[in-house]
Undergrad: 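Below is one structure. I have some questions about it.
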Amino acid sequence: MAEQVRRLVVPVRVEFYGWALQDWDDDYVPDTFPDGFEAGEFLMPHPGRLDFTSAGHTHRADVTVEEWDAEPPTPSSPAASGDWDEVAEATIRCVSGKLRAWSMGGPMTDDMEIELSRRPATWAVRAMCAGRKEVAELAQHSVPHDVECYVIQFWPAAS
């Protein structure tokens, strides 16, 4: 049975429908965010980074990052229906062992690191999102906070 190694909740700034998780050390990322970002697919992997398309133009979202020792179960959505609006899987090679969130203007903060327990390593990733319909509507009239929420699970990828 999979066991959770660590869990962290971070706020992210969504700008122009996008944000990313990227290797802390930019030397291992051929194209830093937002280079190559195109709003569309919910999760788009690139070397050293994971791009996310939000349903809202500009807002703050809650992101829960979980590290597991093996493939975890998919958690229940916080939405009343219990269903996630989006679920996608990918892999990322993280050489530094740390990730940080990026908005269109660059890294969100230098002191907010998402540390993973192995370095370097390739991680399997499952990303889920809820609150997309609500944030799409609210972001047309204001800058909502904590309406769209993500859970992103990492575990060691099979060799």
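Values reported hereafter were calculated over all heavy atoms of this structure, with side chains retained and with hydrogens, waters and symmetry mates removed.
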Undergrad: Less than 4.0 angstrom from a charged side-chain N to a carboxylate O is my criterion; do E148 and R132 meet it?
TA: yes

Undergrad: Distance alone, cut at 3.5 Å: any donor-acceptor contact between the side chains of W155 and Q153?
TA: no

Undergrad: Please check if the distance between the ring centroids of F37 and W102 is under 6.0 Å.
TA: no

Undergrad: Side-chain heavy atoms under 4.5 angstrom apart, residues restricted to Ile, Leu, Val, Met, Phe, Trp, Tyr: same cluster for Y17 and V12?
TA: no

Undergrad: Take the angle between the ring planes of F52 and W19 and call it parallel below 30°, perpendicular above 60°, tilted in between.
TA: parallel

Undergrad: I'd like to know if the side chain of T53 and the backbone of E41 have a donor-acceptor N/O pair within less than 3.5 Å.
TA: yes

Undergrad: Quick one: do V135 and V14 end up in the same hydrophobic cluster if we chain Ile, Leu, Val, Met, Phe, Trp and Tyr together by side-chain heavy atoms under 4.5 Å apart?
TA: no

Undergrad: Out of curiosity, does W68 fall in the hydrophobic cluster containing V10 (side-chain heavy atoms, cut-off under 4.5 Å, transitive links)?
TA: no

Undergrad: Can you check side-chain contact (heavy atoms from CB on, under 4.5 Å) on R93 and Y28, steps first, answer last?
TA: CA-CA 9 Å; R93 175 115 175 111; Y28 298 111; over 6 Å; no

Undergrad: Would you mind checking if E89 and R126 are paired as a salt bridge, meaning a charged N to carboxylate O distance below 4.0 Å?
TA: yes

Undergrad: Without swapping roles, check the side chain of D85 against the backbone of G131 for a donor-acceptor pair under 3.5 Å.
TA: yes

Undergrad: For the side chain of D23 and the backbone of V29, is there at least one donor-acceptor N/O pair under 3.5 Å apart?
TA: no

Undergrad: Measure from the side-chain N and O atoms of D69 to the backbone N and O of E3, and report whether any donor-acceptor pair falls under 3.5 Å.
TA: yes

Undergrad: Between W84 and F42, is a ring-ring contact (aromatic ring centres under 6.0 Å, His included) present by the stated rule, with each step listed?
TA: CA-CA 12 Å; W84 291 101; F42 167 62; 9.5 Å; no

